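Structure first, commentary second.
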2 protein chains.
Amino acid sequence: MNRDRELVFFPASTSQRRDYTKRIYRLFTEYLARNGLRLTGPRRRILEYFLGAERHLSQDDIFGALRRYGIGRATVFRTLKMLEECRLINHVTGTSGKPRFEMNLERPHHDHLICVLCGRIQEVRWPKLEAIQESACRRFGFVPAWHRHEIFGRCADCSRKQSAGR
Amino acid sequence: MNRDRELVFFPASTSQRRDYTKRIYRLFTEYLARNGLRLTGPRRRILEYFLGAERHLSQDDIFGALRRYGIGRATVFRTLKMLEECRLINHVTGTSGKPRFEMNLERPHHDHLICVLCGRIQEVRWPKLEAIQESACRRFGFVPAWHRHEIFGRCADCSRKQSAGR
DNA sequence: GTCGATGCAAACGATTTGCAGTGGA
DNA sequence: TCCACTGCAAATCGTTTGCATCGAC
């Protein structure tokens with residue numbers, strides 16, 4: 001299975017990737033400088049891991065992958081919170097309610113189809129749906145800031161397997 | 001403020017209410033019997049509280065209101081889980097991430113506008129939106145079971161107050 | 001050198017579970 | 001009567017925080 005397909009956008013070629021990484025780093029260091037914070041080893045490693053991951057990561061994925069560098073759980077939590085605050089990453093509700101994270105920068109807005117059997121998260125773009133939603137909010141005088149639109153069910157693979165098994 | 005307006009549907013007249021309550025109880029007792037479970041005082045009280053509430057309740061609301069009957073937190077959690085499992089109630093993500101619950105039975109599907117300032121939860125029906133969503137899932141071979149569509153932002157009252165205060 | 005960041009462990013808040021006693025069918 | 005249900009307290013889970021030390025600037 002090609003996990004890459006599950007991401008709506010991810011730089012494909014090596015040069016695109018290099019440029020993307022560079023832009024991410026610039027935004028990150030600017031954010032850090034603006035707030036009197038520092039670019040440290042653990043922060044760099046976590047960001048690097050996101051850049052290489054191409055899928056939705058849990059806190060455990062990150063901690064598990066980076067513990068060999070002696071990075072503690074607290075630091076992972078602290079950094080995730082920070083990256084979310086500066087809008088470089090986004091969080092999605094995974095199956096079992098545990099949050100998963102995705103790179104956010106320069107990626108078009110999308111919603112999520114979450115498979116309750118295998119936990120796979122598929123991204124979908126629905127521009128038409130977003131438009132309807134916006135206008136409806138306005139009718140209520142409600143000023144939307146962000147939203148969460150997650151659909152839980154069975155993905156194509158799992159529902160195929162399930163009906164074959166019967 | 002009339003909180004009732006925030007619910008898309010709730011039986012209005014006394015007789016409608018009585019019938020609704022009767023149907024809820026029948027479904028609940030049937031569910032209990034089917035699983036070899038019992039209709040106990042605490043369970044009855046919690047259900048009763050939902051029937052009278054007409055708004056989105058947190059676990060704390062329920063515990064707080066019923067502690068005078070000596071009902072423990074564990075029982076509230078256990079019962080909420082059970083009611084959710086038999087689909088009599090639904091859970092919505094409140095502000096601060098804590099779940100809130102609503103009666104689910106015989107109520108048309110709706111989404112939620114959640115005010116990040118006052119925590120108020122407003123319900124919206126979007127039949128057109130639901131239709132688009134359904135058809136898009138089908139295109140992916142994804143079989144939706146349930147979804148969560150929550151929009152966070154400022155409600156009409158709060159955004160008015162906020163701009164007046166400036 | 002300064003002061004923010006780190007890892008560790010302890011603290012925390014929400015939820016769950018073990019258990020002995022209680023009560024619904 | 002029987003066994004599910006209860007409240008309580010202890011346990012657990014994910015996350016946060018206090019603190020002494022470390023390291024980026």
Side-chain angles (χ1 to χ4, degrees), chain A residues 25-26 28-49 56-86 88-101 119, chain B residues 25-26 28-49 56-86 88-101 119:
Chain A
Y25 265 102
R26 194 170 63 198
F28 191 40
T29 49
E30 277 170 8
Y31 166 82
L32 292 171
R34 204 161 47 242
N35 295 75
L37 307 173
R38 293 163 183 174
L39 180 59
T40 62
R43 286 176 185 168
R44 193 190 295 272
R45 281 243 163 74
I46 291 170
L47 192 56
E48 221 49 81
Y49 191 61
H56 296 79
L57 301 172
S58 68
Q59 173 273 136
D60 257 341
D61 289 337
I62 300 163
F63 175 68
L66 303 181
R67 70 188 319 170
R68 62 194 168 104
Y69 300 115
I71 296 176
R73 268 218 152 75
T75 302
V76 175
F77 278 111
R78 281 188 280 235
T79 307
L80 285 173
K81 200 169 204 176
M82 199 176 82
L83 288 171
E84 210 177 345
E85 198 172 297
C86 72
L88 285 176
I89 64 170
N90 231 357
H91 89 270
V92 184
T93 316
T95 38
S96 81
K98 286 188 199 170
R100 298 190 148 264
F101 301 83
Chain B
Y25 265 101
R26 193 170 65 196
F28 192 39
T29 48
E30 278 171 7
Y31 166 82
L32 293 170
R34 204 161 49 242
N35 294 77
L37 308 173
R38 292 165 185 172
L39 180 59
T40 63
R43 285 177 186 167
R44 193 190 294 270
R45 283 241 163 75
I46 292 171
L47 193 55
E48 221 51 78
Y49 191 61
H56 297 78
L57 302 172
S58 69
Q59 175 275 136
D60 257 343
D61 290 336
I62 300 164
F63 175 68
L66 303 182
R67 71 188 318 171
R68 61 192 168 109
Y69 300 115
I71 296 176
R73 269 220 152 72
T75 302
V76 175
F77 277 112
R78 281 187 281 233
T79 307
L80 285 172
K81 200 168 204 179
M82 201 176 80
L83 288 171
E84 210 177 346
E85 198 172 298
C86 71
L88 284 176
I89 63 171
N90 232 356
H91 89 271
V92 184
T93 316
T95 37
S96 82
K98 286 189 199 168
R100 298 189 148 262
F101 301 83

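Order of the sequence lines sets the chain letters (A, B, ...), proteins ahead of strands, with each chain counted from 1. Nothing here was measured: the structure is a model prediction, and the numbers come from that model.
Residue B:Ile46 holds its CD1 atom at 6.0 Å from CG of B:Leu80, rounded to the nearest 0.5 Å.
Contacts of B:Arg45 classified as salt bridge (charged side-chain N to carboxylate O under 4.0 Å, His left out), with partners at least two apart in sequence or in another chain: none. Every residue meeting the side-chain contact (heavy atoms from CB on, under 4.5 Å) condition with B:Asp60, not counting sequence neighbours, appears here in chain and number order: B:Ser58, B:Arg73. With sequence neighbours left out, A:Arg68 forms a salt bridge (charged side-chain N to carboxylate O under 4.0 Å, His left out) with no residue at all. By the salt bridge (charged side-chain N to carboxylate O under 4.0 Å, His left out) test, A:Glu48 pairs with no residue at all, sequence neighbours left out. Take B:Thr29 and apply the side-chain contact (heavy atoms from CB on, under 4.5 Å) test, not counting sequence neighbours, and it matches B:Leu39.
With rounding to whole Å, A:Phe63 atom CZ is found 11 Å from C:dC8 atom C1'. Taking atom CG on B:Asp61 and atom P on C:dA14, their separation rounds to 13 Å, with Å as the unit. In this structure, the CZ atom of B:Arg100 is 15 Å from the C1' atom of C:dA14, given to the nearest Å.
For the pair A:Leu37 and A:Met82, the tightest heavy-atom approach, listed with the atom from each and the gap, is CD1-SD, 4.2 Å.
A side-chain hydrogen bond (donor to acceptor under 3.5 Å, both in side chains) check over residues 32-41 of chain B, counting only residues at least two apart or in different chains, returns nothing. Among pairs with a residue in residues 75-85 of chain A, those fulfilling side-chain hydrogen bond (donor to acceptor under 3.5 Å, both in side chains) read A:Glu84-A:His91, at least two apart in sequence or across chains.
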All N/O pairs under 3.5 Å across the protein-nucleotides 13-19 of chain D interface:
{"from": "D:dG14", "atom 1": "OP1", "to": "A:Lys98", "atom 2": "NZ", "distance (Å)": "2.5"}
{"from": "D:dT16", "atom 1": "OP1", "to": "A:Lys81", "atom 2": "NZ", "distance (Å)": "3.2"}

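Proximity of B:Phe101 to B:Asp61: side-chain heavy atoms (C-beta onward) are nowhere separated by under 4.5 Å.
Relative to the axis of its first five pairs, the axis of the last five pairs of the helix from C:dG1-D:dC25 to C:dA25-D:dT1 sits at 30°, rounded to 10 degrees.
Of the residues in residues 32-43 of chain B, those placing a heavy atom less than 4.0 Å from an atom of DNA chain D are B:Gly36, B:Leu37, B:Arg38, B:Thr40, B:Pro42, B:Arg43, in numerical order.
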